[in-house]
Peer 1: 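One structure coming up, written as structure tokens, with questions to follow.
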Amino acid sequence: NGCTDATAQIVAEFKEHVTLIETPIPSKTNALNLGDEAASGFPRFYLDADIVMSLDSVRKVAEVLRSGKFLAASPQMKMNYDYSSWFVRAYYDIWQQLPYVREGMIGTGVYALSKEGRNRFDKFPNIIADDGYVRALFGTDERCSVNECFVQITAPTKIRYLLNIKTRSRRGYYELLEKFPILESNIKNNYGLISKKNVKNIKLYPKYIVYLCVNFFSRIMAKRHLKHYDAVGWERDDSSRNF
């Protein structure tokens, strides 16, 4: 979808097993819609290009959806901090403990839908946060994070790259609230800071400060971008794509 790297050439090497669809339009949601038009099977997985997910995890998530108990599901995340600064690790140490993150389908870069779940909406709207939109379509009893299924996510190397992706995430959140007010109760997240036990842990305070600072500045930058720039722009973390 408007890629300037070797993605298409690499995918073409697997032509016996994979259908390659190219489009000059640099839009993720447009790419998702093109994939849906070509796909026929269920459950259906939607994942970012930089996600590493094992075949075993794919099968386990698919099995959960085929059971009919849930309409949407995702694996759990494992963060790779091998190249990350202390500040980046500190932020994610707090972020991963938040209630809304633990509920699933947040930050993993992949989600899957059953046929009934995919019928919940028509096409992906032209928005930044496709995952946030899909998550908001389902109640907590309709979606799940599958145990013992993981995807590996390489964290940004430095705090400025982390701020980029958190600004994009926040922009997507504001855009969802504006475009889909009917989903507001499911869009709004529980940002309560974890358990009383952790709050009383003084050793975690420096990490809380990092977390709060990133959130503060990402909110300011997101609002500025929405006001002055095209809302479908894409701040990505190139630092974690070099390994």
Side-chain angles (χ1 to χ4, degrees), residues 47-48 51 61 70 72-81 84-112 127-156 158-177 180 183-223 235-237 240:
L47 32 50
D48 293 343
I51 293 302
V61 172
F70 297 99
S74 70
Q76 298 175 338
M77 72 178 82
K78 282 187 176 180
M79 298 296 299
N80 176 9
Y81 301 117
S84 302
S85 69
W86 177 87
F87 294 98
V88 172
R89 296 195 303 271
Y91 175 89
Y92 281 114
D93 282 349
I94 300 301
W95 180 78
Q96 290 185 85
Q97 298 181 56
L98 298 178
Y100 88 98
V101 175
R102 290 181 174 273
E103 287 178 3
M105 291 185 65
I106 285 291
T108 62
V110 55
Y111 53 88
I127 55 175
I128 299 170
D130 63 284
D131 53 347
Y133 170 74
V134 170
R135 183 177 186 269
L137 293 174
F138 303 94
T140 55
D141 60 335
E142 296 179 311
R143 52 179 165 78
C144 71
S145 178
V146 182
N147 294 329
E148 299 181 0
C149 293
F150 300 94
V151 292
Q152 178 176 298
I153 300 173
T154 301
K158 298 180 180 180
I159 195 73
R160 68 174 181 268
Y161 300 123
L162 172 63
L163 190 57
N164 282 345
I165 61 175
K166 288 303 171 181
T167 297
R168 182 190 73 213
S169 176
R170 179 59 57 172
R171 285 172 62 194
Y173 174 76
Y174 290 148
E175 184 184 34
L176 279 177
L177 288 175
F180 301 96
L183 298 175
E184 182 173 354
S185 60
N186 286 340
I187 292 173
K188 286 194 172 182
N189 301 317
N190 181 1
Y191 288 95
L193 281 179
I194 325 159
S195 67
K196 292 182 180 179
K197 178 181 177 181
N198 285 334
V199 171
K200 292 179 180 179
N201 188 346
I202 298 177
K203 292 182 180 180
L204 290 177
Y205 279 27
K207 295 182 179 180
Y208 281 123
I209 293 173
V210 173
Y211 171 82
L212 293 172
C213 286
V214 170
N215 270 7
F216 175 76
F217 287 109
S218 65
R219 292 184 185 202
I220 292 176
M221 292 171 65
K223 290 181 178 180
E235 302 94 343
R236 74 179 193 179
D237 167 40
S240 61

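Quick note: numbers below take in every heavy atom, side chains included, and nothing from hydrogens, waters or symmetry partners. Just so you know, residue 1 is the first one in the sequence shown, and it goes up from there.
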Peer 1: Are more than 12 heavy atoms, taken from residues, nucleotides or ligands other than F70, located less than 6.0 Å from that residue's CZ atom?
Peer 2: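 Buried by this count: over 12 neighbours within 6.0 Å.
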
Peer 1: Apply the test side chain to side chain contact (heavy atoms under 4.5 Å, CB included) to residues V146 and Q76: give CA-CA distance (whole Å), side-chain angles for both, the deciding distance (0.1 Å), then the verdict.
Peer 2: CA-CA 7 Å; V146 182; Q76 298 175 338; over 6 Å; no

Peer 1: Heavy atoms, side chains only, cut-off 4.5 Å: are D48 and V110 in contact?
Peer 2: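 They are not in side-chain contact.
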
Peer 1: Between the main-chain N or O of I165 and the side-chain N or O of S169, is there a donor-acceptor pair closer than 3.5 Å?
Peer 2: no

Peer 1: To check you understand the geometry: which heavy-atom pair defines the closest contact between S74 and V61, and what is its length?
Peer 2: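 Where S74 meets V61 most closely, the heavy atoms are C-CG2, 4.4 Å.
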
Peer 1: In Å and rounded to the nearest 0.5 Å, what is the CG to CE distance from N164 to M221?
Peer 2: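 Nearest 0.5 Å value for the CG-CE distance: 6.0 Å.
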
Peer 1: State, yes or no, whether a side-chain contact exists between Y92 and V88 at a heavy-atom distance under 4.5 Å.
Peer 2: yes

Peer 1: In the structure I gave you, are the side-chain heavy atoms of T154 and Y81 within less than 4.5 Å of one another anywhere?
Peer 2: no

Peer 1: Is it true that the side chains of Y111 and D130 contain a donor and an acceptor less than 3.5 Å apart?
Peer 2: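 Yes - a donor-acceptor pair under 3.5 Å links their side chains.
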
Peer 1: What is the distance from atom OG1 of T140 to atom CZ of R135, rounded to the nearest 0.5 Å?
Peer 2: 9.0 Å

Peer 1: Looking at CG of L162 and OG1 of T167, how far apart are the two atoms once the value is rounded to the nearest 0.5 Å?
Peer 2: 9.0 Å

Peer 1: Taking atom CZ of F217 as the centre, does the number of heavy atoms from other residues, nucleotides or ligands within less than 6.0 Å exceed 12?
Peer 2: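 It does not: F217 CZ has 12 such atoms or fewer within range.
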
Peer 1: Has R170 got its NZ or CZ under 6.0 Å from the middle of the six-membered ring of Y173, at an angle within 45 degrees of the ring axis?
Peer 2: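 R170 over Y173 ring: yes.
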
Peer 1: Could you measure the distance from the CD1 atom of I127 to the CD atom of E175? Nearest 0.5 Å is fine.
Peer 2: 6.0 Å

Peer 1: Mind checking whether L98 and Y211 have side chains closer than 4.5 Å, heavy atoms only?
Peer 2: yes

Peer 1: Once rounded to the nearest 0.5 Å, what's the spacing between atom CG of L163 and atom CZ of F87?
Peer 2: 13.5 Å

Peer 1: Quick check: closest heavy atoms across K158 and S85, and the distance to 0.1 Å?
Peer 2: CA-OG, 4.2 Å

Peer 1: Minimum heavy-atom separation for G172 and I128, please, with both atom names.
Peer 2: CA-CB, 3.9 Å

Peer 1: I want to check a possible cation-pi pair here: K166 against W95, using under 6.0 Å from ring centre and within 45° of the ring axis as the test.
Peer 2: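 Verdict for W95: a cation-pi partner in K166.
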
Peer 1: Please report the closest heavy-atom contact between N80 and S84, naming both atoms and the distance.
Peer 2: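 Nearest heavy atoms, N80 then S84: O-OG, 4.2 Å.
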
Peer 1: Keeping the roles fixed (side chain from R143, backbone from A72), state whether a donor-acceptor pair exists under 3.5 Å.
Peer 2: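 No; zero donor-acceptor contacts below 3.5 Å.
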
Peer 1: Rounded at 0.5 Å granularity, tell me how far OG in S145 sits from CE in M77.
Peer 2: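 S145 atom OG to M77 atom CE measures 8.0 Å (nearest 0.5 Å).
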
Peer 1: Under a 3.5 Å distance rule, please check whether Q96 uses its side chain to pair with a backbone N or O of D93 as donor and acceptor.
Peer 2: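 Absent.
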
Peer 1: Is there a side-chain contact between L176 and L183, using heavy atoms and a 4.5 Å cut-off?
Peer 2: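 Contact flag for L176/L183 side chains = no.
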
